[in-house]
Number of protein chains: 2
Amino acid sequence: MANQPTGENCKELQAALDIISGKWKPIILFHLMENETLRFSELQRAIPEITKKMLTSQLRELEYNNIIDRKVYQQVPPKVEYSMSDYGHGLKPLLVSMRTWGFNHLEHLENLYGEDNEKVMEN
Amino acid sequence: MANQPTGENCKELQAALDIISGKWKPIILFHLMENETLRFSELQRAIPEITKKMLTSQLRELEYNNIIDRKVYQQVPPKVEYSMSDYGHGLKPLLVSMRTWGFNHLEHLENLYGEDNEKVMEN
DNA sequence: CTGTATCCCCTTTGATACTG
DNA sequence: CAGTATCAAAGGGGATACAG
């Protein structure tokens with residue numbers, strides 16, 4: 001997220017990529033798009049392999065970018081709910097377009113390199 | 001590009017992201033979208049900060065994914081031309097959508113956090 | 001001119017323990 | 001429950017030298 005030279009032309013594209021790229025952001029976004037609101041622990045259960053640290057940091061980035069809302073209930077034990085923000089819903093069409101293109105691309109790669117080929121591409 | 005858990009749901013989205021994310025791929029793609037064909041050295045001049053190693057590896061990935069074509073002229077000194085493939089042109093609308101969203105998002109961030117704020121976000 | 005081959009660094013991600 | 005703190009590992013990216 002720091003050093004992107006990208007010659008003045010595509011800093012906008014990079015801005016978009018910063019939101020949705022990363023190992024966990026896509027799946028977090030999909031869960032929040034499908035679920036209205038989710039608690040921290042519900043997200044953890046939905047994405048079992050993620051650590052609290054990563055879940056926290058990715059949620060914080062999305063919140064900073066106003067894609068999601070974070071609602072804290074002042075109670076013990078704590079309860080925090082995450083949901084897409086109004087603004088964040090504007091990201092949905094883009095995500096859907098990307099998923100569609102990606103779906104077709106995976107098919108395209110199969111046609112090129114065969115059925116059960118995992119992307120090997122060593123070096 | 002390796003370990004993406006992404007729970008079966010958004011491997012398609014990840015597939016799309018794999019193509020266009022990375023420090024150099026967006027700018028490489030934009031240059032190739034604007035120029036029909038470019039030689040290796042022309043790309044280097046267009047993106048002065050990139051090293052040969054990175055330029056080579058990113059071009060190879062794009063070629064592997066059939067986004068760009070690589071044409072080698074068997075001559076001395078060597079001459080290699082890169083261009084978007086027919087298939088690769090199908091990526092253009094998506095890239096444009098992302099740039100548009102990113103443009104608006106940068107504006108959105110300005111409204112939220114002020115004019116000359118670089119994204120600070122420590123921690 | 002168009003690359004490869006090494007070696008090094010830095011950022012991102014992960015494991016684990018601790019806290020209000 | 002919802003995090004933070006600390007330390008370690010991994011992978012992407014960079015500097016430089018060499019090669020066909």
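Every chain is numbered from 1 and lettered A, B, ... according to where its sequence line falls, protein lines coming before strand lines.
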Is there a side-chain contact between A:K79 and A:E81, using heavy atoms and a 4.5 Å cut-off? yes
Rounded to whole Å, CD of B:E81 lies from P of C:dC1 at a distance of 15 Å
Residues two or more places apart in sequence or in another chain: which of them pass side-chain hydrogen bond (donor to acceptor under 3.5 Å, both in side chains) with B:E42? none
Any side-chain N or O of A:S41 less than 4.0 Å from the OP1 or OP2 oxygen of D:dA2? yes
Residue mapping more 5' on DNA chain D - nearest nucleotide basis, B:P78 or B:I50: B:I50
With the side chain counted from C-beta on, respond yes when A:P48 and A:Q44 share a heavy-atom pair under 4.5 Å apart, and no when they do not. no
A:H108 vs A:F103, ring pair (Phe, Tyr, Trp, His ring centres under 6.0 Å): CA-CA, chis, key distance, verdict: CA-CA 9 Å; A:H108 187 70; A:F103 176 82; over 10 Å; no
Nearest whole angstrom, please: distance from the P of C:dG3 to the CD of B:Q75. 13 Å
Over how many whole Å does the gap from A:L38 atom CG to D:dA2 atom P extend? 11 Å
Between P of C:dT11 and NZ of B:K23, the distance in whole Å: 10 Å
CD1 of B:I27 versus P of D:dG13: gap in Å, rounded? 14 Å
From CD of A:E63 across to P of D:dA2 the rounded distance in Å is 15 Å
Shorter than 3.5 Å, N or O on both sides, protein versus nucleotides 3-7 of chain D: list them out with atom names.
unit_1	atom_1	unit_2	atom_2	d
D:dG3	OP1	A:R60	NH2	3.4
D:dG3	OP1	A:R70	NH2	2.4
D:dG3	OP2	A:Y82	OH	2.7
D:dG3	N7	A:K52	NZ	3.3
D:dG3	O6	A:K52	NZ	3.2
D:dT4	OP1	A:R60	NH2	3.2

Is any side-chain heavy atom of B:P26 less than 4.5 Å from a side-chain heavy atom of A:L17? yes
Check the angle between the aromatic planes of A:F40 and A:Y82 and answer parallel, tilted or perpendicular using the 30° and 60° thresholds. tilted
What's the shortest heavy-atom distance between B:G90 and B:P93, and which atoms? O-CD, 3.4 Å
In whole Å, what is the span from the CD atom of A:Q58 to the P atom of D:dA2? 18 Å
What bend angle does the helix from C:dC1-D:dG20 to C:dG20-D:dC1 show across its length, from five-pair end axes and to the nearest 10 degrees? 50°
Give the minimum heavy-atom separation between B:I50 and B:M54, together with the two atoms involved. CG1-CB, 3.8 Å
Does a side-chain N-to-carboxylate-O contact under 4.0 Å join A:K25 and A:E61? yes
Round to a whole Å and report the spacing from CZ of A:R39 to C1' of D:dA2. 9 Å
